[in-house]
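What follows is one structure encoded as structure tokens, with my remarks underneath.
Side-chain atoms are counted along with the backbone in the values below, which use heavy atoms only and exclude waters and symmetry mates.
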Amino acid sequence: MHAPQIDGILETAVYVDDMEAAHVFYSTVLGLERMVAGERLYAYDAGPAQTLLVFHRGHTGEDVETPGGIVPGHDTTGHSHFAFRISVEQLQPWRDYLKGQGIVTISEVTWPAGGTSLYFNDPDGNVLELAAAPLWPNFLS
């Protein structure tokens, strides 16, 4: 028996201590549109059918009752990581833009497959990546 098909990742989460600094960074610097603003989380449009959830660290560990059911509690400590997909043509514009915003690129990696990743931090020290294909066998262009 095979597992049913998965169509992709709908949400990626990051946990932060300073929600307002995170909002300035994700909305103003990275240009993501905030779709939901609550005490425990902000949700940003990260592309077609993709959502970046920014959770207030330490405020999401308890289950939350909603009219539709219970959302299990979750939380994390330390710095997390996630990547945004970009085209190879956007690498240099992103290098220039990040530098202009005063954001230090902490690493740039050229992968064996030929793709490139730019790594930098959000205000809470989470490691963000802008990745241009080819990188993974399922991320060729």
Sequence-distant partners of His79, side-chain contact (heavy atoms from CB on, under 4.5 Å), two or more places apart: Asn126
Which pairs with one or both residues in residues 6-30 pass salt bridge (charged side-chain N to carboxylate O under 4.0 Å, His left out), sequence neighbours excluded? Asp17-Arg57
Do the non-hydrogen side-chain atoms of His59 and Met19 ever get within less than 4.5 Å of each other? no
Between Val16 and Phe55, is there a side-chain heavy-atom distance shorter than 4.5 Å? no
Flag yes if Val88 and Trp136 sit in one hydrophobic cluster, no otherwise; membership is Ile, Leu, Val, Met, Phe, Trp, Tyr, and two members link when side-chain heavy atoms are under 4.5 Å apart. no
Is it true that a side-chain atom of Ser117 and a backbone atom of Ala131 form a donor plus acceptor pair closer than 3.5 Å? no
May I ask you to test the Val54-Phe25 pair for a side-chain heavy-atom distance under 4.5 Å? no
Same cluster or not: are Phe82 and Leu118 linked, directly or through other Ile, Leu, Val, Met, Phe, Trp or Tyr residues, by side-chain heavy atoms under 4.5 angstrom apart? yes
Should we say atom CD of Glu39 is surrounded by more than 12 heavy atoms from elsewhere, each under 6.0 Å from it? no
Within the side chain of Asp75, is there an N or O that forms a donor-acceptor pair under 3.5 Å with the backbone of Thr60? no
In Å and rounded to the nearest 0.5 Å, what is the CG to CZ distance from Leu128 to Phe120? 5.0 Å
Rounded to the nearest 0.5 Å, how far apart are OH of Tyr26 and CG of Leu52? 6.0 Å
Here the gap from Leu91 atom CG to Ile86 atom CD1, rounded to the nearest 0.5 Å, amounts to 4.5 Å
What closest approach, in Å, do Pro123 and Ala21 show between heavy atoms, and which atom pair accounts for it? CG-O, 3.8 Å
Who are the side-chain contact (heavy atoms from CB on, under 4.5 Å) partners of Arg34, not counting sequence neighbours? His23, Ala37, Tyr42, Tyr44
Are Leu32 and Ser27 side-chain neighbours, meaning at least one heavy-atom pair lies under 4.5 Å? no
With sequence neighbours left out, the residues meeting salt bridge (charged side-chain N to carboxylate O under 4.0 Å, His left out) with Glu62 are none
Given the rule that I, L, V, M, F, W and Y join up when any side-chain heavy atoms are under 4.5 Å apart, are Trp111 and Phe139 in one cluster? yes
What distance do Ser80 atom OG and Tyr15 atom OH have between them, rounded to the nearest 0.5 Å? 9.0 Å
Is any side-chain heavy atom of Leu130 closer than 4.5 Å to one of Gln90? no
Ignoring hydrogens and angles, write down the donor-acceptor pairs under 3.5 Å from the side chains of residues 97-106, residues two or more places apart or on other chains.
{"from": "Tyr97", "atom 1": "OH", "to": "Val29", "atom 2": "O", "distance (Å)": "2.6"}

Please test Val127 against Asn121 for side-chain contact (heavy atoms from CB on, under 4.5 Å), starting from the C-alpha separation and ending with a verdict. CA-CA 5 Å; Val127 179; Asn121 296 111; 3.8 Å; yes
Please report the shortest heavy-atom distance between Leu135 and Ala132, naming the atom on each side. CD1-O, 4.4 Å
Could you give the distance from OG1 (Thr51) to CD1 (Ile9), rounded to the nearest 0.5 Å? 12.0 Å
Arg95: salt bridge (charged side-chain N to carboxylate O under 4.0 Å, His left out) partners, not counting sequence neighbours: Glu108
Distance in Å, Thr116 OG1 paired with Gln92 CD, rounded so as to fall on 0.5 Å steps: 11.0 Å
